[in-house]
Amino acid sequence: MARIPDNVIQDILDKADIETVVGKYVAFTKRTGANKFGLCPFHSEKTPSFSVSLNKGIYHCFGCGKTGNSIGFIMEIERLSFVDAVKFLGKEFGVEVPETGSNEGDNRKERDRVYSLLTEAARFYYLTFTGPEGVEARKYAQKRNLSTATLRNFGIGYSPDKWDALYKHLSSKGYTDEEMGNSGLFTVSKKTGKLLDLFRNRLMFPIFDAFGKIVAFGGRSMGDDMPKYINSPDSLVYKKQEHFYAFNFAKKSREKQLIIVEGYMDAIAMHQAGITNSVAALGTAFTDSQLKLASKYAEEVVFFFDADKAGQAAALRAIKMLLTYLKKHSGIKIRIKIACVPEGKDPDEFIKANGPDEFRKVVKAAKDVDTYLFDRAYNDSFYDDELDVPKYEDYIIEYGSWIGDDVKQYRFATNAALYIKAPAEILVNRMKEVADKEGKTEESMSLRSIERDHNEEIERRKITSSENKSKNGIAEDFVTELEMEVFCYAILLKGNLTDPQYISTPDIIRPGDFYGENMKKIVEFFLTHFVKGVGLREDILVGELSNYNLNNEQAEIVYIKYAEKMPLNMGVSRLRGEYLIRLYKLRREMLLQKKAYILKMLDKTTDTVVRDKYYDDLKKIELGLEFIKKQEENL
């Protein structure tokens, strides 16, 4: 597969500076020289160990070891492939990224076929809804007060009460079983193994992505059939935790506020009433990916949860997840509010009964999340005209431990102290103890998860570059401490490495100076991309290192470990000296190993021609050793 051109990658790294890219996800809390620090977005921690090097254009976490450049960061945080991460940053920073080859083209064609299929399915469902088979569906829509304009705008349709209606229609349009299987619209018969329509006798809701492409469907029963809703499973083009229902419409409102409800009908009713900044969470627990999506378009989110016991339990689970996520991703700034529809109604019912203006008042009355938690603790502890203080205290400490902002947490504790009759400082300390205990558990779990990902990545790289093989008995990912020191000093020399005033041409590192095939390839990349008078940018180098392992470890992590040990503010003359001392030592070691090998082979062969060749090689080695000795004497 063709690579993205180097000049495009370099252009992106030029424009997508590491501070700007990382700063959208991490709040930097301190600066040391050219490094900024913040809480790591990849694992739970209390003390900032995540650093960004402004000069080098790379990030590194001293806690979990994650390392990379701007592209690598986006790959990790957004869970994208390299190509998709480059495109993501290209779009963000105005760099055009060309297509990269046939494999990607094939994948795109496959996805495009599924998009096309889903659009055709939506057309089929809509035409069925408006045709003779859709009589009952239209009656149901009328009963729900859905206008003709709303039905058309949201593309609402009807799936016939048949096992193969959609299958036959799509087959007639030329779609294959494989393409239909990739769409999420079918299930497989256990008896025959054939595809069966997933949605039958349901009101159909196309689910659009943020850009207006249909990616999935939801189907609602029109009677007592259970489950009430059936949703498309994850597919080639759809991951439900990354989407909202009606988000493509809501973002057009350009409101700084996003209203999030639980059901499709609630979101549709709100849009029909002119409240167009509303979405639904697709019948799944609210996720960090959805919060991240919301934060790109809104400064404030208002959540509506069902008033029943299950809805309120879901509210607490979502709030805990959201606040935990915002603690870790401190660069994401978004205000969270919780709203409650009076009388236990859902938004759809309330709007029908009271009108959109009254509903806007409900939205306006939404509580900040810490206020909601405070009131929730009180209400859940108050019964028989009396406050159960011990229970209230437990709730306050638990909920307060979720709050990451120290000022808000102290205010939370101060207000509660009036009821508990204890100093706010004691409550804050208890909250922090609970948060620390849970934080340690989360940190341990996240580090284990990172370690699993780390090991999987090492295995992936082995498969990619066939590192399970070895040459001359040396593993391809083998590297010595001395080799890494030589390489790091070569990086530090920058443009001086090829300046004859400091380093003569024979003393420039070359692939042959290294044992393992991976280091040979890395050095070859280094020399190929070396800019005369400048050197090689570390963010570009780290990007290339992410393709390799060294000593059964991710190469970029190995490099950073050694780079961090390198002395700072060393003059060029001393850098030159330290580099050459190690280079000569490395070359001498390699020559002595070759010499020992040849002497060993001489004892094993009596072939005159072979022995003569070995003697010639020994002479060359001795000349090499003599040359190195003279070079060392001149240092």
Side-chain angles (χ1 to χ4, degrees), residues 23-27 41 210 241-263 266-271 273-282 284-307 311-312 314-342 346-348 350-351 356-376 399-400 402-409 411-412 415:
K24 292 182 178 180
Y25 303 86
V26 176
Q241 70 269 24
E242 297 176 358
H243 297 274
F244 289 112
Y245 180 72
F247 187 75
N248 59 309
F249 301 116
K251 74 172 191 174
K252 293 177 184 176
S253 72
R254 302 196 178 279
E255 295 274 353
K256 294 299 182 182
Q257 180 192 71
L258 189 68
I259 301 170
I260 301 175
V261 294
E262 291 196 286
D266 291 329
I268 291 171
M270 292 168 72
H271 277 263
I275 305 167
T276 58
N277 57 325
S278 54
V279 299
L282 291 171
T284 182
F286 194 79
T287 67
D288 53 9
S289 296
Q290 289 173 319
L291 179 63
K292 199 187 304 179
L293 176 62
S295 69
K296 292 178 181 178
Y297 296 90
E299 297 172 358
E300 175 181 288
V301 290
V302 178
F303 287 91
F304 279 85
F305 293 96
D306 287 347
Q312 290 307 297
L316 285 179
R317 287 194 301 272
I319 289 169
K320 184 178 181 182
M321 183 282 295
L322 292 167
L323 294 180
T324 301
Y325 182 80
L326 290 175
K327 271 187 190 179
K328 190 166 28 168
H329 297 80
S330 49
I332 295 177
K333 303 299 181 187
I334 191 164
R335 188 176 184 181
I336 298 171
K337 289 187 172 185
I338 310 297
C340 185
V341 180
D346 61 34
D348 182 23
F350 185 88
I351 290 170
D357 289 339
E358 288 300 310
F359 186 79
R360 288 188 178 91
K361 292 178 183 177
V362 175
V363 175
K364 192 172 183 179
K367 298 175 181 179
D368 279 307
V369 65
D370 46 328
T371 303
Y372 171 84
L373 289 172
F374 185 86
D375 292 346
R376 179 75 183 267
Y399 299 163
W402 302 347
I403 300 171
D405 185 287
D406 289 342
V407 174
K408 290 181 178 179
Q409 189 181 62
R411 189 187 302 129
F412 192 83
N415 293 335

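Because the structure is predicted, anything quoted here is derived from the model rather than measured.
- Taking 4.5 Å as the limit, every side-chain heavy atom of Ile319 sits out of range of all side-chain heavy atoms of Phe303.
- Counting only heavy atoms from C-beta outward, the side chains of Ile260 and Gln290 never approach each other to under 4.5 Å.
- Aromatic pair Phe359/Phe304: ring centres closer than 6.0 Å.
- Here CG of Asp266 is found 5.5 Å from CG of Asp348. Values are rounded to the nearest 0.5 Å.
- Taking each heavy atom of Ala250 and Ser278 in turn, the nearest pair found is CB-O, 3.7 Å.
- Using cut-offs of 30° and 60° for the angle between ring planes, the Tyr399 and Trp402 rings count as tilted.
- Scanning all heavy atoms of the two residues, the minimum distance from Ile332 to Lys292 falls at CD1-CG, 4.4 Å.
- The shortest side-chain heavy-atom distance between Ile351 and Met270 falls under the 4.5 Å cut-off.
- Here the closest non-hydrogen pair linking Pro356 and Ile275 is O-CD1, 4.2 Å.
- Minimum interatomic distance between Ser253 and Thr276 (heavy atoms only, all atoms of both residues): CB-OG1, 3.4 Å.
- For the pair Pro342/Val362, a side-chain contact is recorded, criterion being any heavy-atom separation below 4.5 Å from C-beta on.
- Within the 4.5 Å cutoff, the side chain of Val341 has no heavy atoms near those of the Asp346 side chain.
- Counting only heavy atoms from C-beta outward, the side chains of Gln257 and Val302 approach each other to under 4.5 Å.
- The two residues Ala280 and Gly263 make their nearest non-hydrogen contact at CB-O, 3.5 Å.
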Full working for side-chain contact (heavy atoms from CB on, under 4.5 Å) between Phe305 and Ile338
CA-CA 8 Å; Phe305 293 96; Ile338 310 297; 4.3 Å; yes
Please tabulate, one pair per line, all N/O donor-acceptor pairs under 3.5 Å involving side-chain atoms of residues 368-375, not counting sequence neighbours.
{"from": "Asp368", "atom 1": "OD1", "to": "Arg335", "atom 2": "NE", "distance (Å)": "2.7"}
{"from": "Asp368", "atom 1": "OD1", "to": "Arg335", "atom 2": "NH2", "distance (Å)": "3.4"}
{"from": "Asp368", "atom 1": "OD2", "to": "Arg335", "atom 2": "NH2", "distance (Å)": "2.8"}
{"from": "Tyr372", "atom 1": "OH", "to": "Gln312", "atom 2": "OE1", "distance (Å)": "2.7"}
{"from": "Tyr372", "atom 1": "OH", "to": "Arg376", "atom 2": "NH1", "distance (Å)": "2.8"}
{"from": "Asp375", "atom 1": "OD2", "to": "Lys367", "atom 2": "NZ", "distance (Å)": "2.7"}

